[in-house]
Amino acid sequence: MRLSNLFGSTLREIPAEAQMTSHQLLLRAGMIRQVATGIYAYLPLGWRVLHKIEDILRDEMNAVGGQEMRMPSAQPAELWQETGRYSEAGPVLASFRDRAQRELVLGITHEEVVTYLARREIHSYRQLPFVVYQIQTKFRDEPRSRGGLIRAREFTMKDAYSFHVDQADLDGYYPRMYRAYESSFRRCGVEAVAVEANPGLMGGAASHEFMALNDGGEDTLILCDQCGYAANAESAVTRREEKPGDSERPLEEVATPGTTTIEDVASFLGITPRQTLKAIFYVAEGKLAFVVIRGDLEVNETKLASLLKVSDLRLAEQQEVEEAGIVAGYASPIDQAGKVKVVADESVNWGSNFVAGANKAGYHLCNVNHPRDFEVDVLGDIAAVQDGDPCLRCGGRLQAARGIELGHIFKLGTRYSELMGATFLDKAGQTRPLVMGCYGIGIGRLMAAVVEQCHDDHGIVWPLSVAPYHFHLIVLGDEAKIVDTAESLYHSLQSKGCEILYDDRNESAGVKFNDADLIGIPFRLTVGSRSLRAGGVEIKRRDAEEDEIVSLQGLEEKVPALVSRST
RNA sequence: CGGGGCGUAGCGCAGCCAGGUAGCGCACUUGUAUGGGGUACAAGUGGUCGGAGGUUCAAAUCCUCUCGCCCCGACCA
């Protein structure tokens, strides 16, 4: 490809809209352009990168038995009503009506469609197991997109679905996919860590997310560097400290004027937040919940939602709290039984003689003890794991880190097949639901993650495996000898199957070098009067400081070895 | 959906407070020189100032509404 003819140009300045490094560099290098919020066009260079990644994923999916196919992005709303996700998904599921007024949705994922297809095609255990996958465009009308390709509304996803006769077969297959994911990210040049995750809207028993460690990432991870425990903070657990408290003392009311936060109360009374109980109010599927947790801990809303078995959970408005007769800032779990649902974190049992609200403005109660003084309707682990907490497995120190979710794999089980009636006859002639797994990778996001991890001050440093081209050929000067050499090198390398971007523009050396650094192709070849005098072509790796001169002949002999490392 | 910010040439911005016929840098076009890290000089092209309405003799500037974009939060398959 001649740079003089390439559609899409580099930008000298950082577009004002871009905050994240990958977003800035992908825009500046002429890889992507935004068309609307969270909706991007891939320009030719970026499209080539996307293709390289797709091909790696295809290779990995094929290796674990995947069959590539393609499902539609426009899907009948009825399929989503069958599983209940039509309403569960909410506004992220964009929909429109066709000319016959039939409602269609834009697929945010494809469990419904693939299960619909399996229901039609699969009748016997003899057809199982099988794995299908596709590389396809999803549209999720996100409440907020951000970071360029990190969180887009329209994006390319590789989604795979496996179907099994029973859970044991799924359990046997799942680790193969897990390893294929590890391999996929490694081959793309991204360091990713697998963490235990919360299945969320997808449902199912187990899931793992593959996260690229990144300070700008959207998820918080909890990692143990001693035993390797790794989990999304949403579902992370920590070792409980079930230390017995002091002997229980009688309840005592104390005046604590103007102290509505845990910090205020603790410093007013000269105690630590650990000796207090705090109250937080949620509305879970329309009903107020009084949540109690030790004052030094935070509520993990994902854990709370799954403990309460609700999908809709939000913090209560002050007005809703007051209407329930609760005094905000001085709320007490005592005497709430029967009035409002009381949910407590296990930490209410990890100590004694706590300070809690008196449910009276300006007063707190000392020596509050569970269960002596208050009852709870639901007790469980709803505490957020914090940096420095002890690891559940080994007692080591857990560390919090930020990450970008690149992929997510799920053991779905029979959730979709049961709801949609996707069954088969087993050996004994029994009708049974298909057991499913699903496995997704956000490809654009993966591309952005590569850039997040592979760049320097000058631009992108593509790993060879996903680089848009292998060689970036620069010609300096317009003397016939120089141009002829560059041209013939361009043609001969191409004829050897090399992917080469040829900067044949009439630009100064500085402009060409800077663009080459920005675009980030692994090998830079320079032909100029200086290189010819030195005996040939200058070759420089994008990730190295030094360059070397090789003869034209020598270069052509060297090329196959350079490129063969691309996977 | 809540909070904050921004829309002026392809990109980055000034001008707005104190209304008076729109500017800078880069990019782009042409020419000359230059030719190994964003080269120099010269001459040019390009904007109904996001949109609509209002105030005014006069609106990029003041007022109202609206659309778009970014960031934080809520949300997140």
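What you see is a predicted model, and the numbers here were worked out from it, not measured in a lab. Throughout, protein chains are lettered first and strands after them, A, B, ... in sequence-line order, and every chain is numbered starting at 1.
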Worksheet, complete the sentence: Pairing partner of rC11(B), by Watson-Crick or G-U wobble and under 3.5 Å for both distances, is rG25(B)
Worksheet entry | Distance, rounded to the nearest Å, where Leu149(A) contributes CG and rC70(B) contributes P | 13 Å
Fill in: Residue matched to rC41(B) through Watson-Crick or wobble contacts both under 3.5 angstrom
rG31(B)
Discussion item. Taking the C1' atom in each of rG31(B) and rC6(B), what is the distance between them to the nearest angstrom?
Written reply: 40 Å
Fill in: Pair Glu452(A) + Arg402(A), salt bridge at N-O below 4.0 Å
no
Worksheet item: Any salt bridge between Asp345(A) and Lys303(A), counting N to O under 4.0 Å?
Response: no
Worksheet entry | Donor-acceptor pair present, Arg85(A) side chain and rA77(B) base, under 3.5 Å | no
Discussion item. Counting only heavy atoms and a strict 4.0 angstrom limit, can you tell me which residues of residues 14-27 of chain A come near RNA chain B?
Written reply: Ile14(A), Pro15(A), Ala16(A), Glu17(A), Gln19(A)
Discussion item. Within the 4.0 Å heavy-atom criterion, would you say Ser531(A) contacts the bases, only the backbone, or no part of the nucleic acid?
Written reply: base
Worksheet item: Quick one: which of rC71(B), rC70(B), rU39(B) gets closest to the side chain of Gln34(A)?
Response: rC70(B)
Worksheet, complete the sentence: Closest of rG38(B), rC69(B), rA74(B) to the Ser508(A) side chain is rG38(B)
Item to complete: Return the nearest nucleotide to the side chain of Arg12(A); candidates are rG37(B), rC76(B), rU39(B).
Response: rU39(B)
Discussion item. What's the gap between rA22(B) and rC26(B) when it is taken at their P atoms, as a whole Å value?
Written reply: 23 Å
Practice prompt. Return the nearest nucleotide to the side chain of His408(A); candidates are rA27(B), rA77(B), rC69(B).
Written response: rA77(B)
Practice prompt. Quick one: label Glu301(A) by what it contacts on the DNA or RNA (base, sugar-phosphate, nothing), any heavy atom closer than 4.0 Å.
Written response: sugar-phosphate
Practice prompt. Pick the P atom in rG4(B) and in rG54(B), then give their distance to the nearest Å.
Written response: 29 Å
Worksheet item: How is Arg524(A) classified with respect to the nucleic acid when contacts are heavy atoms under 4.0 Å: base, sugar-phosphate, or nothing?
Response: base
Worksheet item: Who does rG46(B) pair with, Watson-Crick or G-U, both distances under 3.5 Å?
Response: none
Worksheet item: For Gly407(A), which contact category applies under a 4.0 Å heavy-atom criterion: base, sugar-phosphate, or nothing?
Response: nothing
Item to complete: Mind checking Asn506(A) for me? I need base, sugar-phosphate or nothing, with any heavy atom below 4.0 Å counting as a touch.
Response: base
Response to the item:
With the side chain defined as heavy atoms from C-beta on, Glu507(A) is closest, among rC28(B), rA27(B), rG37(B), to rC28(B)
Practice prompt. If rU64(B) has a Watson-Crick or G-U wobble mate with both distances under 3.5 Å, name it; if not, just say none.
Written response: rA52(B)
Worksheet item: Between Lys278(A) and Glu298(A), is a salt bridge (charged side-chain N to carboxylate O under 4.0 Å, His left out) present by the stated rule, with each step listed?
Response: CA-CA 9 Å; Lys278(A) 73 177 161 192; Glu298(A) 299 297 329; 3.3 Å; yes
Practice prompt. For rC57(B), give its Watson-Crick or G-U wobble partner with both distances under 3.5 Å, or none.
Written response: rG20(B)
Worksheet, complete the sentence: Only one of Lys558(A), Lys540(A), Arg541(A) passes salt bridge (charged side-chain N to carboxylate O under 4.0 Å, His left out) with Glu548(A), and that residue is Lys558(A)
Worksheet item: What is the nucleic acid contact for Arg146(A), judged by heavy atoms within less than 4.0 Å: base, sugar-phosphate only, or nothing?
Response: sugar-phosphate
Discussion item. If the threshold is 4.0 Å, N to carboxylate O, is there a salt bridge linking Arg415(A) and Glu111(A)?
Written reply: no
Worksheet item: Would a 4.5 Å heavy-atom cut-off, applied to side chains only, mark Leu149(A) and Ser22(A) as touching?
Response: no
Worksheet item: How would you label the contact of Arg153(A) with the nucleic acid (heavy atoms, under 4.0 Å): base, sugar-phosphate, or nothing?
Response: nothing
Response to the item:
Looking only at rU39(B), rG37(B), rA77(B), the nucleotide nearest the Arg140(A) side chain is rA77(B)
Discussion item. For Phe210(A), give me all partners under ring pair (Phe, Tyr, Trp, His ring centres under 6.0 Å), at least two apart in sequence or on another chain.
Written reply: Tyr178(A), Tyr181(A), Phe185(A)
Discussion item. Within the 4.0 Å heavy-atom criterion, would you say Leu476(A) contacts the bases, only the backbone, or no part of the nucleic acid?
Written reply: base
Fill in: Rounded distance (Å) that lies between atom C1' of rA77(B) and atom CG of Leu106(A)
15 Å
Response to the item:
Picking from rU39(B), rG12(B), rC75(B), the nucleotide nearest the side-chain atoms of Glu13(A) would be rG12(B)
Response to the item:
In Watson-Crick or G-U wobble terms, with both distances under 3.5 Å, the base opposite rC75(B) is none
Discussion item. Within the supplied structure, the quantity of interest is the number of heavy atoms (other residues, nucleotides, ligands) at a distance under 6.0 Å from Tyr116(A) OH; does it exceed 12?
Written reply: no
Discussion item. Quick check on ring pair (Phe, Tyr, Trp, His ring centres under 6.0 Å): which of Tyr174(A), Phe410(A), Tyr439(A) does His208(A) satisfy it with?
Written reply: Tyr174(A)
Practice prompt. For rG47(B) and rG12(B), measure between their C1' atoms and round to the nearest Å.
Written response: 16 Å
